[in-house]
Amino acid sequence: MKLYNTLSHKVEEFTPANPNEVKIYTCGPTVYSFAHIGNLTAYTYWDLLIRVLRLNGWKEKRVLNITDVGHLTSDADDGEDKMEKGARREGKTVWEVAQMYMDDFMNNFHKLGLIDPYAVCRATDFIEEDKKIVEALDEAGYLYDTTDGLYFDTSKFPKYAEFAHLDLENLRAGARVEFSDEKRNPSDFAVWKWIRDGEDHAMKWEFRGRMGYPGWHLECSTIIHEKLNETIDIHCGGIDHIPVHHTNEIAQTEGAFGKKMANFWLHNNFITVEGQKISKSLGNVYYLSDLEERGFSPIDYKMWLYQGHYQAERDFSFEQLGAAHARLMNYRNFAVLRWQGVETSDFAEARAEIVELLNSNLNSAGAFAAIDGVAKSGLAPSDDFLKFLDGAFGLEIAATTPDISDELKAKIAERVEAKAAKNYAEADKLRDEILDQGIELLDSANGVRWQYKG
């Protein structure tokens, strides 16, 4: 299995340190608003990663965090906490807002048929553990205190710029005037924020005799340490996390524990909508519920995503979603052939090709091309082959294609008889009645075949 490793900027062969426990961490959502289809992209791609690991016989131990405190409206160290902003907008407490949006996120997670992680961890459940890492970093000489918070001195971590290939000299030269004069370097970041006089912050904890809260980056280091220990096999996230969030995670984790944080870093790209960045001001924010209102399923959206690659920027449109739906229906109607007396095949060569493609940096688009080929073969897939496809992609190909009822089969036989008797009016009437029940009939020289209506 080969994956593109952001750490080395090349495709490398992946081998876990322990095949019985592949340790994976996925940066989760900040639960201050409803998750739109763009927000759900990463988790859908990483579900494919989990499935491919399983195809290779490995067992994953995956942790997903939920950011419910500390993530400011700026990815730097200024601005309002996103949770406070969400609470003010909704007229609820920050705790109520966190629970509401977390529930919505997990509901969408399950609608997409994604595999549950080993642990889903809320940042606010790890405050005491956060404090221990702050103390460890302070004892190691990485922190300095300001009126705003405890900051990590990036100049004391020599490889700080390596992960994202940051140009620290130009960053210093271009530092904004409004940066605090207490900040030693523009790249320094808050590990713990103090609540200053006049500030109103609902989520706060006592530390060193003062009230404050953890910096956004700290929770990931803490949760990984508590749930997975060092060093993990794979750390996943979006490409926007590379220059700030993940760079800071590496610095504080390796600074506190003196061990490599992760062997592999995987980053997914964004989706746009009809060529534009997803934005409420542009009116192009879509939720899974919007797709469902237009007759599409969350699995259709998953199918659309997998037709591309996790590293490529994708442009969403309902026309393309419709094409993905049609392709998925083609796969499902390929599956129903097994109910119709068609010769069955295990498609061993195709299966091996699909695994090889998925092992090549999660090339699901190439794998779909291989599935297209077997779907045109005229043979029916075996139950084992369908189980393999559903395990590999989670597209519910077999699960949503049960055999039709005996009553429908009898009605199809009636239509065959009516057509043979040249009673075409009755045959058309029966065909329409069958279609109303979601089953389409296909006539050919070899007889009639049924499939699910797209």
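Basis for what follows: all heavy atoms, side chains included, without hydrogens, waters or symmetry-related copies. FYI, the numbering just counts along the sequence from 1.
In this structure, the side chain to side chain contact (heavy atoms under 4.5 Å, CB included) partners of Trp339, at least two apart in sequence or on a different chain, are Val336, Asp403, Trp450. Take His225 and apply the ring-ring contact (aromatic ring centres under 6.0 Å, His included) test, not counting sequence neighbours, and it matches Phe257. Every residue two or more places apart in sequence or in another chain that forms a ring-ring contact (aromatic ring centres under 6.0 Å, His included) with Phe318 is listed here: Tyr286, Phe316. Scanning for salt bridge (charged side-chain N to carboxylate O under 4.0 Å, His left out) contacts around Glu356 gives an empty result, with sequence neighbours left out. In this structure Glu254 satisfies the salt bridge (charged side-chain N to carboxylate O under 4.0 Å, His left out) test together with Lys159, sequence neighbours excluded. For His245, the ring-ring contact (aromatic ring centres under 6.0 Å, His included) test picks out Trp216, His217, His241, with sequence neighbours left out. Every residue meeting the side chain to side chain contact (heavy atoms under 4.5 Å, CB included) condition with Asn229, not counting sequence neighbours, appears here in chain and number order: Lys23. Every residue meeting the ring-ring contact (aromatic ring centres under 6.0 Å, His included) condition with Phe34, not counting sequence neighbours, appears here in chain and number order: Tyr101. Applying the salt bridge (charged side-chain N to carboxylate O under 4.0 Å, His left out) test to Asp104 and every residue at least two apart in sequence or in another chain returns nothing. Applying the side chain to side chain contact (heavy atoms under 4.5 Å, CB included) test to Leu435 and every residue at least two apart in sequence or in another chain returns Glu440, Lys453. Residues satisfying the side chain to side chain contact (heavy atoms under 4.5 Å, CB included) test with Lys277, not counting sequence neighbours, are none.
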- Are Trp58 and Phe14 close enough, and set up right, to give a ring pair (Phe, Tyr, Trp, His ring centres under 6.0 Å), and what steps lead you there? CA-CA 11 Å; Trp58 295 319; Phe14 172 75; 5.5 Å; yes
- Task: I would like to know whether Tyr213 and Trp194 meet ring pair (Phe, Tyr, Trp, His ring centres under 6.0 Å); could you show each step before the answer?
- Result: CA-CA 7 Å; Tyr213 57 94; Trp194 300 125; 10.0 Å; no
- Would you check, one step at a time, whether the test side chain to side chain contact (heavy atoms under 4.5 Å, CB included) holds for Ile24 with Val22? CA-CA 6 Å; Ile24 303 174; Val22 183; 4.1 Å; yes
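The 12-atom threshold is not exceeded at CG of Asp200, counting heavy atoms of other residues, nucleotides or ligands nearer than 6.0 Å.
A salt bridge is absent between Asp81 and Lys85; no separation between the charged side-chain nitrogens and carboxylate oxygens falls under 4.0 Å. In this structure, Glu135 does not pair ionically with Lys132, as no charged nitrogen and carboxylate oxygen lie closer than 4.0 Å.
Figure legend: cation-pi geometry between Arg184 and Tyr151 absent, as NZ or CZ is not positioned both under 6.0 Å from the six-membered ring centre and within 45° of its axis.
Counting only residues at least two apart or on different chains, the side-chain hydrogen bond (donor to acceptor under 3.5 Å, both in side chains) pairs with a member in residues 383-399 are Arg338-Asp383.
Between Phe105 and Tyr43, the distance from one ring center to the other falls under 6.0 angstrom. Taking the centre of each ring, Phe393 and Phe368 come in below the 6.0 Å mark.
Side-chain atoms of Trp304 and Ile271, non-hydrogen and from C-beta on, do get closer than 4.5 Å to each other.
For the atom pair OH (Tyr32) and NE2 (His71), the distance works out to 7.5 Å, reported to the nearest 0.5 Å.
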